[in-house]
Amino acid sequence: MKKLIIGNFKMNTKPSEFKTYAMALVTKTKGAKNKVVVCPPFTHLAVAKEILSGSKIEFGAQNISDEEKGALTGEISASMIKDLGTNYVILGHSERRTKFKESDKLINKKIKTALANGLKVVLCLGENLQTRTAKQQYNFVRKQLDDNLKGIYENELESVVIAYEPVWAIGTGKTPTSKDIEKMIETIRKEISYLYSEKAGKNVSVVYGGSVNLNNYKKILSNDHVDGVLIGGACLDVDGFAVICRENY
Ligand code: 13P
């Protein structure tokens, strides 16, 4: 089964290093059946366009402004990254939600801005340890879906990938059990069915993120419920990332 493999570089690498990385990734993933998307920092997107155009690898950004343009020093708009050939944007990442205090309302507005500019959205959701300990993770993620997707039409869901990224699993080496991942993905599909239609719930892409690495990717990706993975730390090693991209599931 063809899976979606997304690499989130976060604030790592320099544009010159990314150039070497991207050239190697193109070579190492030739013939790979999976869909590969790399999301480097904004400063690398022009390099991504230069190296990845004409290859099957797509690229995305890690954030955008909720506004289209204007007096917003330091911000980057959806149309700016789209103009560079960017197809994806990661929104709602837990690091943006916690460190940069992004609210569900703001994330909802960013999603609308991204979709209006023809970008595909990787919407990150997931509970922290406290919420999990209180056994509230399903209610929590359902509410994130309700709030983040408010006003988004069913036909636009084709351009939205849901990434279940439990906060406690990000960068910690910990991962939920296969059963836990399945249960949460089922919850997400059910909520999308409730908000839109059964068809939408069945068709929406749901990937898993949080400490995916060379030791555990097979187990996670061979799970039929999982449409793909969002990889942070482990995507920085091009050889290892290419192995995950090449595998048949
Ligand atoms: P790690 O793979 O480093 O845990 O990061 C996951 C993540 O946040 C991807 O968006």
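No experiment lies behind these values; they were computed from the predicted model shown. Order of appearance sets the numbers: ligands from 1, and atoms from 1 within every ligand.
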Check each atom of ligand 1 against the heavy atoms of His93 and keep those under 4.0 Å away; list them by number with element. 7 (C), 8 (O), 9 (C), 10 (O)

Among Gly233, Ala234, Gly126, Cys39, closest by any non-hydrogen atom to atom 3 (O) of ligand 1: Gly233

To the nearest 0.1 Å, how far is atom 2 (O) of ligand 1 from its closest protein heavy atom, and which atom is that? Gly232 N, 2.9 Å

Between Asn8 and ligand 1, which part of the residue brings a heavy atom under 4.0 Å of the ligand: side chain, backbone, both or neither? side chain

Kindly identify the option in Glu165, Gln62, Lys174, Glu95 whose heavy atom sits closest to atom 7 (C) of ligand 1. Glu165

Does ligand 1 have any atom sitting under 4.0 Å from a heavy atom of Gly171? yes

Return yes if a side-chain donor-acceptor contact under 3.5 Å exists between Glu68 and Asn117, otherwise no. yes

Show me the donor-acceptor pairs, under 3.5 Å and distance only, between side chains in residues 86-96 and residues at least two apart or in other chains.
unit_1 : atom_1 : unit_2 : atom_2 : d
Thr86  : OG1    : Ile81  : O      : 2.7
Asn87  : OD1    : Lys82  : NZ     : 3.4
Asn87  : ND2    : Glu58  : OE1    : 2.5
His93  : ND1    : Glu95  : N      : 3.0
His93  : NE2    : Glu165 : OE1    : 3.2
Glu95  : OE2    : Lys10  : NZ     : 2.8
Arg96  : NE     : Glu102 : OE2    : 2.9
Arg96  : NH2    : Glu102 : OE2    : 3.2

Among all protein heavy atoms in this structure, tell me which lies nearest to atom 5 (O) of ligand 1, with the distance rounded to 0.1 Å. Lys10 NZ, 3.2 Å

Report the relative orientation of the aromatic rings in His44 and Phe18; use parallel for angles under 30°, tilted for 30 to 60°, perpendicular for over 60°. tilted

Within 6.0 angstrom of Glu158 CD, more than 12 heavy atoms from elsewhere: no

Scan the side chains in residues 233-246 for donor-acceptor partners under 3.5 Å anywhere in the protein, sequence neighbours excluded, and list what turns up.
unit_1 : atom_1 : unit_2 : atom_2 : d
Asp237 : OD2    : Gly240 : N      : 3.0
Asp239 : OD1    : Lys28  : NZ     : 2.8
Arg246 : NH1    : Lys28  : O      : 2.9

Between Trp168 and Gln130, is there a side-chain donor-acceptor contact under 3.5 Å, judged purely by atom types and distance? no

